[in-house]
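Throughout, residue positions are numbered sequentially from 1 according to the sequence presented.
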Amino acid sequence: MAKIEKVELGMVDLVPKVKRTDAIQSFVSQETPIVTITDADGAVGIGYSYTIGTGGSSVMRLLIDHLVPRLIGRDADQIEAIWHELEFASHATTIGAITAIALAAIDTALWDLRAKKQGLPLWKLAGGARESCPLYTTEGGWLHIEAEALVEDALAAKAKGFAGSKVKIGKPHGAEDFSRLSAIRKAVGDGYEIMTDCNQGFAVDEAIRRAERLRDLDLAWIEEPLPADDIDGHIRLNRSTATPIAVGESLYSIRHFREYMQRGACSVVQVDVGRIGGITPWLKVAHMAEAFDMPVCPHFLMELHVSLTCAVPNGKYVEYIPQLDDLTGKKMRIENGRALAPSEPGIGIDWDFDALKARSIGEFNVTITEKGL
């Protein structure tokens, strides 16, 4: 047993590498809370999470004022106990994004620490199902991009060995979405997957209508077609179409996922470490999905999700959206369109500490020990 002696906090703000638009918003910033935990043996674990531009300061205050002080003196290896204690300590603000993002940064740091001390990469420690996973790309499929450029990006990804491309949909008229996706399908042929993402942009009747229009394009899935809390609408939609319905990016509890799976409201699970509250609940959702014979295709955070997708037997795809390049040394390894699980002990992210320091938002640089701040 080694007790937690020190926790360092910081946050960096990352600007997306390309313009990112979808049916309801533009993604203009990634606030990235970072938690560094040091135990009595001097071992260090680093975790992180993210926002899409708002709420980062609230996440940091929750960490500084309420969650991190509870870590000092705890056995760092009691990850399950710590997660539940912190969730209960913040039960008045759960279940939702702010608390989940804060919990995720802590929980990921604890798993990084455990894996390093055991000398294992995360993908082996968490299950070790496979050493690599297929990639699909989202970075060239944003809503503002014209059809010709969508086709060009999909063909380039296919040539690299990627399994598919995801395209944002939600144009004012369904004919526009159909035209864009039809152009891609014609160019890439039938052996390449096309994923679509609505970003919660439709009401259920419109979603049913558009799914029917897109049926013959043999889509891999329609992602977040409705508001995430509309389970009954998802049930109606899932029953009305043969196209798989994907959810998870905006679900914050293992019980939310249970309801979706148990009631037949989805067929692809996109559980996100940063939104579910960390690796601890992520693994529970993934194994629950296995019991329902559903694939896990996590949303975003490719540098972390490659290890988790490789850890579980139903991990199917990793989403290619590079976002940590400016903060890391070694990048995620890709061979023939597949993401390779890191071989180094820990979560496998090679942080560039000079870059982190240079981009850090000063007011959130805090160190907490048994003496306090």
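For Glu148, the CD atom is loosely surrounded, since the number of other residues' heavy atoms within 6.0 Å does not exceed 12. Enclosure of atom NZ in Lys330 is not indicated, since only 12 or fewer non-hydrogen atoms of other residues, nucleotides or ligands lie within 6.0 angstrom. Surrounding CD of Glu152 are at most 12 heavy atoms belonging to other residues, nucleotides or ligands under 6.0 Å away. The local environment of CD in Gln118 is crowded, with over 12 non-hydrogen atoms from other residues, nucleotides or ligands closer than 6.0 Å. Residue Arg333 qualifies as enclosed at atom CZ: its count of foreign heavy atoms under 6.0 Å is above 12.
For the pair Arg130 (side chain) and Gly315 (backbone), a donor-acceptor distance under 3.5 Å is present. Judged by distance alone, the side chain of Ser49 and the main-chain N or O of Gly274 form no donor-acceptor pair under 3.5 Å.
Considering Lys168, Glu319, Glu223, His299 as possible partners of Thr138, the one that fulfils the side-chain hydrogen bond (donor to acceptor under 3.5 Å, both in side chains) test is Glu319. Checked options Thr108, Val273, Asp272, Ile254; the residue passing with Trp282 is Val273 (criterion: side-chain contact (heavy atoms from CB on, under 4.5 Å)). With Val7 as the partner, the side-chain contact (heavy atoms from CB on, under 4.5 Å) test is satisfied by one option alone out of Leu67, Thr36, Thr369, Ile72: Ile72.
Aromatic ring centres of Tyr136 and Phe162 lie farther apart than the 6.0 Å criterion allows. In this structure, Phe300 has its ring center closer than 6.0 angstrom to the ring center of Tyr50.
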For side chain to side chain donor-acceptor pair (under 3.5 Å), just list the numbers for Thr32 and Gln30, CA-CA rounded to whole Å, side-chain angles, deciding distance to a tenth of an Å, and then say yes or no.
-> CA-CA 6 Å; Thr32 307; Gln30 179 187 310; 3.0 Å; yes
Pair Leu9-Val35, side chain to side chain contact (heavy atoms under 4.5 Å, CB included): steps then yes or no = CA-CA 5 Å; Leu9 294 161; Val35 173; 3.5 Å; yes
Are Asp352 and Thr328 close enough, and set up right, to give a side chain to side chain donor-acceptor pair (under 3.5 Å), and what steps lead you there?
-> CA-CA 5 Å; Asp352 181 337; Thr328 56; over 6 Å; no
Check against side chain to side chain contact (heavy atoms under 4.5 Å, CB included), Trp351 and Ile46 | CA-CA 9 Å; Trp351 297 105; Ile46 303 176; 3.5 Å; yes
Could you give me the CA-CA distance, side-chain angles and deciding distance for His91 and Glu87, then say whether side chain to side chain donor-acceptor pair (under 3.5 Å) is met?
-> CA-CA 6 Å; His91 70 273; Glu87 186 198 32; over 6 Å; no
Might you work through the side chain to side chain contact (heavy atoms under 4.5 Å, CB included) test for Glu344 and Asp350, ending with a clear yes or no?
-> CA-CA 9 Å; Glu344 303 82 5; Asp350 179 28; over 6 Å; no
Determine, step by step, whether Tyr48 and Leu304 satisfy the side chain to side chain contact (heavy atoms under 4.5 Å, CB included) criterion, reporting the C-alpha distance in whole Å, the side-chain angles of both residues, the deciding distance to 0.1 Å, and the verdict.
-> CA-CA 10 Å; Tyr48 72 110; Leu304 179 55; 3.5 Å; yes
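Between Ala289 and Val269, the shortest heavy-atom contact is CB-CG2, 3.9 Å. The shortest non-hydrogen separation linking Pro134 to Lys316 is CD-O, 3.3 Å. Heavy-atom minimum distance, Pro345 versus Ala115: CB-O, 4.1 Å. Ala228 and Leu251 make their closest contact through O-CD2, 3.9 Å (heavy atoms, listed as atom of the first residue, atom of the second, distance). The two residues Ala211 and Ile222 come nearest to each other via the heavy atoms CB-CD1, 3.7 Å. The heavy-atom pair separating Ile347 from Pro342 by the smallest distance is O-CG, 4.2 Å.
Side-chain atoms of Ser29 and Asp13 include a donor-acceptor pair closer than 3.5 Å. Side-chain atoms of Thr51 and Glu31 form a donor-acceptor pair, as typed in the model, at a separation below 3.5 Å. Side-chain contact annotation: Ser90 with Thr99, donor-acceptor N/O pair under 3.5 Å absent.
A cation-pi arrangement is found for Arg213 relative to Phe178, the charged atom lying closer than 6.0 Å to the ring centre and inside a 45° cone about the ring normal.
The pair Glu259-Arg255 does not meet the salt-bridge criterion, since no charged nitrogen lies less than 4.0 angstrom from a carboxylate oxygen. Under the 4.0 Å criterion applied to side-chain N and carboxylate O atoms, Glu85 and Arg74 are assigned as salt-bridge partners. Between Glu335 and Arg338, no side-chain nitrogen of the basic residue sits less than 4.0 Å from a carboxylate oxygen of the acidic one, so the salt-bridge criterion is not met. Ion pairing of Glu212 with Arg209 is absent here, as no side-chain N (NZ or NE/NH1/NH2) approaches a carboxylate O to less than 4.0 Å. Between Asp41 and Lys117 there is a salt bridge, since at least one side-chain N of the basic residue sits less than 4.0 Å from a carboxylate O of the acidic one.
In terms of hydrophobic clustering, with Ile, Leu, Val, Met, Phe, Trp and Tyr side chains grouped at heavy-atom distances under 4.5 Å, Leu86 and Leu62 are assigned to a common cluster. Connection of Met195 to Phe202 is not established within any shared hydrophobic cluster, with ILVMFWY side chains joined at heavy-atom distances below 4.5 Å, either directly or through further cluster members. Under the 4.5 Å side-chain contact rule for hydrophobic residues, Val268 and Ile245 do not share a cluster. Linking Ile, Leu, Val, Met, Phe, Trp and Tyr whenever their side-chain heavy atoms come within less than 4.5 Å puts Ile184 and Tyr320 in one cluster. Follow the hydrophobic side-chain contacts under 4.5 Å out from Met302 and you never reach Leu340; the two are in separate clusters.
Counting only heavy atoms from C-beta outward, the side chains of Arg114 and Leu125 approach each other to under 4.5 Å. Using a 4.5 Å heavy-atom threshold, the side chains of Lys171 and Arg180 count as touching. Using a 4.5 Å heavy-atom cutoff, the side chains of Leu308 and Leu122 are in contact. Contact annotation: the side chain of Asp107 never approaches that of Leu103 to less than 4.5 Å [non-hydrogen atoms, C-beta and beyond]. Between Asp39 and Asp75 the shortest side-chain heavy-atom distance does not fall below 4.5 Å. At a threshold of 4.5 Å between non-hydrogen side-chain atoms, the residues Leu14 and Leu327 count as touching. Using a 4.5 Å cut-off on side-chain heavy atoms (C-beta onward), Ser250 and Glu224 make contact. At least one side-chain heavy atom of Lys284 sits less than 4.5 Å from a side-chain heavy atom of Thr280.
Here Ser165 contributes atom OG and Lys158 contributes atom NZ; the two are 10.5 Å apart, rounded to the nearest 0.5 Å. Atoms OG1 and CZ, from Thr196 and Arg210 in turn, are 11.0 Å apart once rounded to the nearest 0.5 Å. A distance of 4.5 Å separates CG of Asp197 from NZ of Lys166, quoted to the nearest 0.5 Å. In this structure, CG in Leu356 is found 6.5 Å from CZ in Phe353, a value given to the nearest 0.5 Å. Rounding to the nearest 0.5 angstrom, the gap separating the CG atom in Asp77 from the CD1 atom in Ile82 is 9.0 Å. A distance of 9.5 Å separates CG in Asp112 from CD1 in Ile37, rounded to the nearest 0.5 Å.
Note: Tyr317 and Trp221 have tilted aromatic rings, judged against thresholds of 30 and 60 degrees for the angle between ring planes.
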